[in-house]
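For the numbers below, each heavy atom of this structure counts, side chains included, while hydrogens, waters and symmetry mates do not. Throughout, a chain's letter reflects where its sequence line sits, starting with A, and its residues are numbered from 1.
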Protein chains: 2
Amino acid sequence: MARNSDGTKRTAILDAAVVEIARHGYHQTTVAMIARRAGVADGTIYLYFRNKEEILFSLFERAMGRFISEGRSQVDQETTAIEKLRRIVELHLTLVGKDRDLAIISQVELRHSLHFMDQLSRSQVGEYLAIISQVVAQGMEEGSFRKDLDPIFASKAIFGVLDEMATDWVLSHRNKRLESQAKAVTDFLLGGLSV
Amino acid sequence: MARNSDGTKRTAILDAAVVEIARHGYHQTTVAMIARRAGVADGTIYLYFRNKEEILFSLFERAMGRFISEGRSQVDQETTAIEKLRRIVELHLTLVGKDRDLAIISQVELRHSLHFMDQLSRSQVGEYLAIISQVVAQGMEEGSFRKDLDPIFASKAIFGVLDEMATDWVLSHRNKRLESQAKAVTDFLLGGLSV
DNA sequence: TAGTATACTGAATAGTCATTCATTTTATTA
DNA sequence: TAATAAAATGAATGACTATTCAGTATACTA
């Protein structure tokens, strides 16, 4: 499998894939379309990726990597669990809201098949949830969060709210920035519905 | 477009589609596979559905219809917003947890394309969210829910948590019943993370 | 029972595209 | 500069499948 040394061409292919897949959907996007936009020949794609599906996987890995590494660093910049949660919410909404094409991919196109979702949730999403659940656990120790929480459960619930906001933003055609919801989300997560 | 008077055959086709699509995914499921399982000829499918995609739409409508009608009836059986919320959470998790094949479809396969999700969210999901947001609004009037909530926002957050629990259950290979999470979900939604 | 309408069948069609690989171009080495 | 290796090309292949429709079977009517 030949490839140029810097990741130039691989990156170009992934960038092209984001645009084409966001615009036409994974199944309507042909390998030829991605190749054309990336400025390479069809066959070149197969020097960098085993098959079409691997492009989608790689796309996800690249995006999720940012969530994890930035997530960690944001969390490390704060001391209290409440502030850490605030940072995670802001980061999540900001990262998704930054690039609509990528958001379409992560909120819609990546959820195509059971097989696919399975892989995703096992690998990187699990790592992301672990970061969140650590924050919850810390909050419980600190005494700022309720003692009767299950951190794993709570991390999923938190992710669920963030994910729904992201999906809603992708589907809405309004132009409101996604990160403008950060405060509302944090307040809801911390305080719940009850007075 | 010919068809037999009772919905027998149409129902058989939809039932077959649920099984095949849950098992192989929408794109790996051929019309022939659905026809075979339903015990009809390939062409018969097209007497009942315009095309393959319409099968998926119909599947969704049938399933979502239950959420909405049962949701309303559950809500009507309670008086306080807190109890209504409890019912919605229980119903949602029970309905999803009742049929794993259908759950796979609603949590994974139905989210195929932006176009598709768009249609879904506009139509029936919107109606479902409206039911939830009415409950939130009632809770605010009653004084049992915080006054600074936006009911629309809150309904999305609630749906997000329910949806994530459902997806997690579909992807997890454990056998724990989904509705066993109902209390944890309700507590989380009502009380949030903070003490 | 003959005639007509309705329902169903399944083989043939028509188009699509992921993937391959023989060939060409570009880079590296001696 | 010649020889060799690495990268890249893109036309051709081969496999797949949604949809159609001419024909058959079943139900209904007079």
What's the OH-C1' distance between A/Y46 and D/dA7, to the nearest Å?
-> 18 Å
Using atom NE2 of A/H24 as one end and atom C1' of C/dT16 as the other, report the distance to the nearest whole Å.
-> 16 Å
Starting at CD1 of A/I45 and ending at C1' of C/dT20, how long is that distance when rounded to a whole Å?
-> 14 Å
Does A/G43 or A/Q28 map to a spot on DNA chain C nearer the 5' end, using the closest nucleotide for each?
-> A/Q28
Could you work out which one of D/dA8, D/dT19, C/dT19 sits closest to the side chain of A/D42?
-> C/dT19
A/H173 side chain to A/L171 main-chain N or O, any donor-acceptor pair under 3.5 Å?
-> yes
Residue met sooner reading DNA chain C from 5', once B/T44 and A/E53 are mapped to nucleotides = B/T44
Parallel under 30°, tilted from 30 to 60°, perpendicular over 60°: which one fits the rings of A/H92 and A/F159?
-> perpendicular
Can you find a side-chain donor-acceptor pair between A/Q107 and A/T167 that sits under 3.5 Å?
-> yes
May I ask you to check if A/R174 and A/W169 form a cation-pi contact, with NZ or CZ under 6.0 angstrom from the six-membered ring centre and within 45° of the axis?
-> no
For A/Y48 and D/dA8, is the shortest distance between a side-chain N/O and OP1 or OP2 below 4.0 Å?
-> yes
Reckon A/T30 has a side-chain N or O less than 4.0 Å from the OP1 or OP2 of C/dC17?
-> no
Between C/dT20 atom P and A/R50 atom CZ, what is the distance in whole Å?
-> 11 Å
For B/I13 and C/dA7, give me the distance from atom CD1 to atom P, rounded to whole Å.
-> 13 Å
Can you figure out which of D/dA7, D/dA18, C/dC8 approaches the side chain of B/L47 most closely?
-> C/dC8
Between B/H27 (NE2) and D/dA18 (P), how many Å, whole number?
-> 10 Å
Can you tell me how far P of D/dT17 sits from OH of B/Y26, to the nearest Å?
-> 13 Å
Tell me, please, whether B/Y26 has B/K52 positioned over its six-membered ring: NZ or CZ under 6.0 Å from the ring centre and within 45 degrees of its axis?
-> yes
B/I55 CD1 to D/dT17 P, straight-line distance once rounded to whole Å = 15 Å
Just to confirm, is there a sub-4.0 Å distance from OP1 or OP2 of C/dC8 to any side-chain nitrogen or oxygen of B/K9?
-> yes
